Amino acid sequence: MKIVDAKVVVTSPGRNFVTLQLTTDEGITGLGDATLNGRELSVVSYLQDHVVPLLLGTDAHRIEDTWQSLYRGAYWRRGPVTMAAIAAVDVALWDIKAKVAGLPLYQLLGGASRDRVRTYGHANGASIPELFDSVRALLEQGYQSIRIQTGVPGLKAVYGVHASGAHAANPTRLDQRVLPAVEDWDTGAYLRHIPSVFEAVRNEFGPDLPLLHDAHHRLTPIQAARLGRSLEPYDLFWLEDCTPAENQDGLRLVREHTTTPLAIGEVFNTVFDYQTLVGEQLIDYVRSAVTHFGGVSPLRKLFDYAAQHQIKSAIHGPEDISPVGMAAAIHLDLAIHNFGIQEYSGHTDLTNEVFRHAYTFSDGHLHPGEAPGIGVELDAELAAAHPYQQAYLPTNRLQDGTVHDW
Ligand code: EZ4
Ligand code: CO
């Protein structure tokens, strides 16, 4: 079965998504997500200009061989652009293979290891009362685990709270250009404020509700150690991205000082980013997305490696992962033994129309559905009616104007 067509579809039903659609000589199509938030068109070019010409005429059944040839054959290894492009090919080929088998993808990954996939949702509020309202709204939607993000006194815009992300309500406009929104940051103010937020949430919602928090790469190891320790009384499910973890060695110091569980990896793109973290069991959850880690094939290998160290999965699932990437994640979640939790905020109605999907959400849990393949269909006409919009993720500056990690 040969690949005879490969299209890269860019659509923006509220935010940008990049999708690869492969077609075989038997007329079977497969979809893969290649969305890299804020740098989308680089992956479009990588696929269109450099990968598609290599795929045409190759055997659609040879998933591992195709993966290895794209990874090794480029000579220039790793990096988010390369690995997002390879991920799209990998997932599209798994989609095709599962459709040929007439089975939902999770069956080809070993079958279900559980009945449903536990998720967490995102609560946020500039103030504590706003945060409580947001938690209550999520509980009403059925969520059973909740990420807590709040404003910090003295700061105007903080990650996860005010409209932010590549489609922030307040990007700067200059001439025809859209420039990134600039948020502000003060680590001292944040470290002083956050424990009181979790104390308030525990007092309001009790001891049982699993609570998570994302520090979004902003702390040094010693600051992260202090935060982890100060949150111990509130029994977090995890503290996420406490430091910019490309400095893997820094996590040794964090780990020595706190029993708050740690989750890292949404910006990582190969197993090599995890060697110290997993090998020395410095974290508790690996957070990579199917879309940014080269696809289902390498992520499965990462989870097997993590399992040797009692580390669980927690696939990255923000709104900038398309329903195609989300579907692939849910099949993996259902199949692997060391599943931890799945991040899930859902998508807009329009996005769900562009990408009609078999996966369903109820009672805070996802199920991939029983459609053959990954279970997502792309409405090409609707996608075309919502063309690419220039957009950037925000940047971050300290109060004296110094650039800080966002
Ligand atoms: O900021 O995916 O845990 N989730 C996150 C995300 C990331 C975005 C960046 O594009 O940290 O919200
Ligand atoms: Co995160």
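Atoms within each ligand, like the ligands themselves, are counted from 1 in listed order. Model, not experiment: these values are computed from the prediction. Here, residue 1 is the first one in the sequence, and each next residue gets the next number.
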May I ask whether Glu240 has any heavy atom positioned less than 4.0 angstrom from an atom of ligand 1? yes
For atom 10 (O) of ligand 1, the closest protein heavy atom turns out to be Asn37 ND2, 2.8 Å
Spell out, as yes or no, whether a donor-acceptor pair under 3.5 Å connects the side chain of Ser134 to the backbone of Asn124. yes
Identify the protein heavy atom lying closest to atom 11 (O) of ligand 1, giving its residue, its atom name and the separation to 0.1 Å. Glu266 OE2, 2.6 Å
Using 30° and 60° as the class boundaries, would you call the ring planes of Tyr285 and Trp238 parallel, tilted or perpendicular? tilted
Any Glu319 heavy atom less than 4.0 Å to ligand 1: no
Atoms of ligand 1 under 4.0 Å from any heavy atom of Glu343, numbered from 1 in the order shown, are 3 (O), 4 (N)
Under-4.0 Å heavy-atom contact with ligand 1, by part of Ile321 that carries it: neither
Flag, side chain of Asp273 to backbone of Asn269, donor-acceptor distance under 3.5 Å: yes
Using only N, O or S atoms, tell me which atom of Asp214 is closest to the Co ion (ligand 2). OD2
Just one of Gln310, Lys312, Arg255, His309 clears the side-chain hydrogen bond (donor to acceptor under 3.5 Å, both in side chains) bar with Asp284, so which one? Arg255
Show which atoms of ligand 1 fall inside a sub-4.0 Å distance from at least one heavy-atom site of Arg147. 3 (O), 4 (N)
Nearest non-hydrogen protein atom, atom 8 (C) of ligand 1: Asp320 OD1, 3.5 Å
May I have the angle between Glu240 OE2 and Glu266 OE1 with its vertex at the Co ion (ligand 2), rounded to 10°? 90°
Could you identify the single nearest non-hydrogen protein atom to atom 1 (O) of ligand 1 and state the distance to 0.1 Å? His216 NE2, 2.8 Å
Would you call the rings of Trp185 and His404 parallel, tilted or perpendicular, taking 30° and 60° as the class edges? parallel
Donor + acceptor pair across side chains of Asn352, His357 (<3.5 Å): yes
Any idea which atoms of ligand 1 are less than 4.0 Å away from a heavy-atom of Asp214? 3 (O), 4 (N), 5 (C), 11 (O)
Taking the side chain as every heavy atom from C-beta outward, state whether Arg218 and Gln223 have any atom pair closer than 4.5 Å. no
List every atom of ligand 1 that sits less than 4.0 Å from any heavy atom of Trp406, numbering the atoms from 1 in the order shown and giving each element. 1 (O)
Considering only heavy atoms of Leu393, which atoms of ligand 1 have at least one such atom less than 4.0 Å away? 9 (C), 10 (O)
Which residue owns the protein heavy atom closest to atom 12 (O) of ligand 1, what's the atom, and how far is it? Tyr159 OH, 2.8 Å
Distance in Å, Leu138 CG paired with Leu209 CG, rounded so as to fall on 0.5 Å steps: 9.5 Å
Compute whether any side-chain donor of one residue and acceptor of the other, for Ser288 and Tyr274, lie under 3.5 angstrom apart. yes
Glu240 side-chain N/O to Asp214 backbone N/O, donor-acceptor pair under 3.5 Å: no
